[in-house]
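Let me begin by presenting the structure, written as structure tokens, before commenting on it.
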Amino acid sequence: MPRIAIEDNSRLALRVRQDDKAMLMRAVALEHTGMTDFILRHALQAAREVVQRAEQLALSERDSLRVLDALENPPKPNARLRAAARKLPKRA
């Protein structure tokens with residue numbers, strides 16, 4: 001999973017076009033909240049959705065059953081798999 005360096009301070013600066021800022025300000029006024037709260041709430045929700053999509057895999061019922069079957073009844077290793085296993089470093 002990608003990670004980024006985070007500065008020690010908790011400040012985040014944004015540059016936005018004038019019309020985008022006007023739209024944000026209108027939404028903030030309609031929700032009777034502050035700009036920071038509004039942006040943070042909506043940005044965090046979007047961030048959670050992005051992370052969830054990246055970290056979760058949804059399988060159909062058929063595919064789920066195929067995975068479970070493969071785990072319970074693994075196929076015998078073929079020549080390519082055995083060759084790859086021989087190339088792995090030896091464990092200490």
Side-chain angles (χ1 to χ4, degrees):
M1 172 173 29
R3 299 212 187 268
I4 59 170
I6 299 176
E7 295 179 16
D8 288 342
N9 69 33
S10 60
R11 192 171 271 294
L12 179 67
L14 298 172
R15 295 189 191 283
V16 295
R17 295 183 324 216
Q18 191 172 12
D19 57 331
D20 291 339
K21 184 175 180 182
M23 179 59 74
L24 288 169
M25 290 174 69
R26 183 173 179 201
V28 164
L30 290 169
E31 289 205 0
H32 305 288
T33 187
M35 182 70 78
T36 298
D37 180 58
F38 181 86
I39 291 174
L40 190 57
R41 184 168 13 108
H42 292 281
L44 284 173
Q45 180 59 36
R48 286 184 191 100
E49 291 170 8
V50 167
V51 170
Q52 182 179 11
R53 281 193 310 270
E55 292 181 346
Q56 290 184 349
L57 176 65
L59 297 176
S60 67
E61 182 178 353
R62 179 196 66 147
D63 291 341
S64 296
L65 293 172
R66 289 179 74 185
V67 168
L68 291 174
D69 183 56
L71 290 172
E72 292 174 356
N73 306 300
K76 294 196 184 291
N78 61 23
R80 289 180 67 190
L81 182 58
R82 286 192 300 273
R86 283 191 295 273
K87 291 180 182 179
L88 288 172
K90 302 293 183 207
R91 292 188 187 183

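Side-chain atoms are counted along with the backbone in the values below, which use heavy atoms only and exclude waters and symmetry mates. Note that this is a predicted model, so its numbers are computed, not measured.
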ask   = Out of V51, L44, V50, which one pairs with R48 under the side-chain contact (heavy atoms from CB on, under 4.5 Å) rule?
value = L44
ask   = Would you say R41 has more than 12 foreign heavy atoms packed within less than 6.0 Å of its CZ?
value = yes
message = Check for me, please, whether L14 and M35 land in the same ILVMFWY cluster - side-chain distances under 4.5 Å, paths through other members count.
response = yes
remark   = When rounded to the nearest 0.5 Å, the distance separating CD1 of I39 from CG of L12 is 8.5 Å
query = Hey, what do you get for CG (L40) to OG1 (T36), rounding to the nearest 0.5 Å?
reply = 8.0 Å
ask   = Shortest non-hydrogen contact from L59 to S64?
value = CB-OG, 3.5 Å
ask   = How many angstroms lie between CG in D19 and CG in L24, if you round to the nearest 0.5 Å?
value = 10.0 Å
message = Let me confirm one number: the CG-NE2 distance from D37 to H32, rounded to the nearest 0.5 Å.
response = 13.5 Å
query = Where do V16 and D20 come nearest, in terms of heavy atoms and distance?
reply = CB-CB, 4.4 Å
request  = Report, as yes or no, whether the 6.0 Å neighbourhood of atom CD on E49 holds more than 12 heavy atoms from other residues, nucleotides or ligands.
outcome  = yes
ask   = Do M23 and V28 belong together in a cluster built from hydrophobic side chains that touch within less than 4.5 Å?
value = no
message = Membership question, hydrophobic clusters at under 4.5 Å side-chain separation (ILVMFWY): are L65 and L71 in the same one?
response = no
